[in-house]
Structure formats: structure tokens, C-alpha cells
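A quick write-up on the structure given underneath.
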Amino acid sequence: MKYMKKISMNSRNFKFIKVNGTDLSYRVERRNVKYPRLEFKAGELLAILPKNWKDETSVLEDKMDWIRKKHAEIQGGIDKIKTQGKGANSLLILGDFFEFRGDGPLEIDFDEKWVKYDYSNQNHLKRLTNILKKKLLYEIEQAAGEYNGKFGVKFNRIFVRRQRTRWGSCSSNGNLSFNFWLICLPRELIRYVVCHEVLHLKENRHGKAFWEIVDREFKNYKQFEKNLFEYWSFIQEYFRSSIPSSFVSQLSQNY
Ligand SMILES: [Zn+2]
């Protein structure tokens, strides 16, 4: 994991700027665009520059207030979720931090919310990942079946994969893919993501009609979007840091 991280950090060309007293990493991408712009994508700062643009310095300077504000929001989201956790090695499952009850034969209790496993044991990690994947798939299938009926559509197949860039996606042949890390989210948020993807079978684009239907299903959907962003930032932080006992880095080993 450590080595993987080093390689990917290098190949992705991270640079750093000081924001709110910490070093914030960012990436620069050259694209066929007219004007430069900044994006916080998946909790990371990305500077998109036109091909002939000199460098990102002026863009970062001009947008510093916006960067500071966004960064503070992300940090706030991470801290909010962290304060619910009891320690680095408790697992965040379906919105609850499961208590880590030490090594020993792998065991997980979804009702009492505790887990036992040895995180240096590859076999344990593999089995635990499979258990969580099945659990997530069950939650997704329940919700997808419900929204199929509601929206009068029919999905083809459902996949769960470990992804770094999004919670879910929908292909033109009706296959739905979901991010394994949805397992960290409360059920309501999982349902929200599933609703979004199933709705794409009916409404291709994120137009007015799309959000009207989302609003009908989830009255406070802007709050759901915000919560999704907070969880995303939380999980990304664990990808970036290499806290050896953290849930995400343990289960990312085969990533
Ligand atoms: Zn969408």
C-alpha cells in the first residue's frame, strides 16, 4: 500500500499550496479549454489550464478566497464524521463506527456493531471485504428494485467496485455500478445514490426534470448532497494518509 501510494503520488504530479495553515495538494491538468478554472473534485483541488497557459500561479492567487472557503468546508466535513469515531481502527459501516474488539477469528456483528479481525492478515481482509460487499449489494438491490418500480424502468445488472472518482454510474445498456465505499454511508444516503443512478435510466441528463424527481423523493436533497460530499472527503483523507490501521487503507490493499 505504502509503495503504491508513492508511485501514484509521483505519477499524478501533486504540488502543494498553503491554505488555512496547512499544505493542500493540487494537480494541474492541461485541456482544450478557453479559460483556466479550478475544481474541487473528490475533495482534491484540480487546476485546469488551457494548453498555452503559462502556469497555475495567477489562477490560484485570484481564487484564493474560494479555495480557502472550499477547503474549510471539506475539513469541517471530515472532522464532523471523525468525532463520531472512537479510534483509527473502528470501521465505518452503514454510517456507524463499529467497535474493534481485537484480533482473533474474523467475526462481525451488524446488530451490536462490533468487529473482530487481524488487520495484518490478508485472508481476514479479503473475507471482510467480501462480507461488506455482499451487505452493500443487498442494500443497493433493495433500493434499486424499489426505484425500478417507481420510475417504471428496468436496470440490467448491478456491479460493486472500488472506485476513486465517484459514488456510482449508469451505462447506456442499463448496468449500474456503485462504489464499494458506499458501505461507509448511512442507509438513507445509499438509497439516495441508488435513486440517482436508477433515475438516469429515465432521465439521461442532470436537467430540471431530473432534479424535480429527486426533490420529490428526497425533500432535503441538497442536504443529502452535502452529506455525500462530507463522507467523500472523509474517505479521501484516509486514501491520502497512510494511517496503517485505518479502515480504508486496510481494505484498499488490493486496490
Ligand atoms: Zn448523475
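All values derive from a computational prediction rather than experimental measurement. As a basis for the values below, the full set of heavy atoms in this structure was taken, side chains included, without hydrogen atoms, waters or symmetry mates. When a ligand or atom number is given, it counts from 1 through the structure's own listing order.
Side chain of D109 to backbone of E112: a donor-acceptor contact under 3.5 angstrom is found.
Within the structure, the ring pair (Phe, Tyr, Trp, His ring centres under 6.0 Å) test picks out the following pairs touching residues 47-75 (sequence neighbours left out): F40-W66. Each ring pair (Phe, Tyr, Trp, His ring centres under 6.0 Å) pair with one or both residues in residues 121-149, not counting sequence neighbours, appears once here: Y147-F151.
Within the protein, the number of N, O or S atoms lying under 2.8 Å from the Zn ion (ligand 1) is 3.
Under a hydrophobic clustering in which Ile, Leu, Val, Met, Phe, Trp and Tyr are joined whenever their side-chain heavy atoms come within less than 4.5 Å, directly or via other members, I48 and L45 fall into different clusters.
Take F210 and apply the ring-ring contact (aromatic ring centres under 6.0 Å, His included) test, not counting sequence neighbours, and it matches H196, H200, H206.
Between W114 and F100, the distance separating the two ring centers is not shorter than 6.0 angstrom.
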